[in-house]
J.: 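Right, I'll just put the structure down here and ask away after.
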Amino acid sequence: MGKSLNQTVFVNNRAGASGIIGAQDVKRSQPDGAKDVKQLVAMAKLQPNQIDYASGGVGITVHLGMELLQVRTGIRLNHIPHNGSPAGLNVVIGGQTTLMMYSGAAALPHVKSGRLWLLATTGAQRAVALPDLPTLAEQGVPGYEVTGWNGVVVPKRTPRAIIDRLNDSLRDASKDPTVVTS
């Protein structure tokens with residue numbers, strides 16, 4: 001966008017606003033646990049309410065996505081809400097909490113470093129950036145689909161010409177191959 005607008009573009013992600021949380025992946029610390037969703041479900045059925053999962057707060061997409069997973073599989077997990085998704089991710093990386101649903105792009109550096117293990121994507125189809133990672137539906141949770149969305153806002157009285165220019169720039173940026181695969 002910066003190139004097409006010929007100016008600096010600043011992204012201000014606000015923790016807890018949940019506008020940037022694309023609930024794409026269920027993640028788990030790799031060392032001691034499930035290697036796939038079927039193993040997670042089996043473990044959770046043997047230990048109702050004993051497996052903790054983190055979220056960035058009550059009622060946000062990832063929290064509701066985990067609640068849907070419980071409804072669809074008949075498991076009971078213990079919800080540990082945090083003040084924003086980055087805080088929740090930190091406790092999973094640190095080993096204080098076992099599981100979290102989080103945006104794949106934001107967590108990939110931790111996956112590449114070996115600190116997180118991906119179990120599944122939550123979309124109806126596999127993620128472009130993670131073609132080898134199966135969906136929850138492919139792993140025995142039929143019909144499961146949770147996706148997030150991002151929003152861009154401008155002040156109420158922003159002139160239509162500026163809104164149109166921003167919209168065009170956003171559309172062009174969203175088609176850029178580096179954006180599509182990240």
J.: Which salt bridge (Lys or Arg N to Asp or Glu O under 4.0 Å) pairs, counting each pair once, include a residue from residues 133-150, with sequence neighbours left out?
T.: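 Non-adjacent pairs meeting salt bridge (Lys or Arg N to Asp or Glu O under 4.0 Å): Arg126-Glu138.
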
J.: At what distance, to the nearest 0.5 angstrom, does CD1 of Ile51 lie from CZ of Arg76?
T.: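 The CZ atom of Arg76 is 12.5 Å from CD1 of Ile51, to the nearest 0.5 Å.
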
J.: Sequence neighbours excluded, which residues qualify as side chain to side chain donor-acceptor pair (under 3.5 Å) partners of Gln50?
T.: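 For Gln50, no residue satisfies side chain to side chain donor-acceptor pair (under 3.5 Å) once neighbours in sequence are set aside.
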
J.: For Asp52, check side chain to side chain donor-acceptor pair (under 3.5 Å) against everything at least two apart and list the hits.
T.: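 Applying side chain to side chain donor-acceptor pair (under 3.5 Å) to Asp52 gives Asn78.
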
J.: Kindly indicate whether the side chain of Met66, heavy atoms from C-beta on, has any atom under 4.5 Å from the side chain of Leu99.
T.: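 SC-SC contact between Met66 and Leu99 confirmed.
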
J.: Under the side chain to side chain donor-acceptor pair (under 3.5 Å) test, which residues partner His82, sequence neighbours left out?
T.: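 With neighbours one apart ignored, the set is empty.
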
J.: Sequence neighbours left out, what passes side chain to side chain donor-acceptor pair (under 3.5 Å) with Arg72? Give chain and number order.
T.: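 Residues passing side chain to side chain donor-acceptor pair (under 3.5 Å) with Arg72: none at all.
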
J.: How long is the span from the CG atom in Leu68 to the OG1 atom in Thr122, to the nearest 0.5 Å?
T.: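 Here the interatomic distance stands at 9.5 Å.
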
J.: Who pairs with Ile162 by side chain to side chain contact (heavy atoms under 4.5 Å, CB included), at least two apart in sequence or on another chain?
T.: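 By the side chain to side chain contact (heavy atoms under 4.5 Å, CB included) rule, Ile162 matches Thr158, Pro159, Leu166.
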
J.: Please check this pair: side chain of Ser169 against backbone of Arg165, looking for a donor-acceptor N/O pair closer than 3.5 Å.
T.: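 No, because the side chain of Ser169 does not come within donor-acceptor range (under 3.5 Å) of the backbone of Arg165.
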
J.: Say whether, by atom type as modelled, one donor and one acceptor occur between the side chain of Tyr102 and the main chain of Gly56 under 3.5 angstrom.
T.: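 Not at all, since once roles are kept as given, no pair shorter than 3.5 Å links the two residues.
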
J.: Where do Tyr53 and Glu67 land on the side chain to side chain donor-acceptor pair (under 3.5 Å) test, with the steps shown first?
T.: CA-CA 10 Å; Tyr53 78 90; Glu67 292 298 314; 2.7 Å; yes

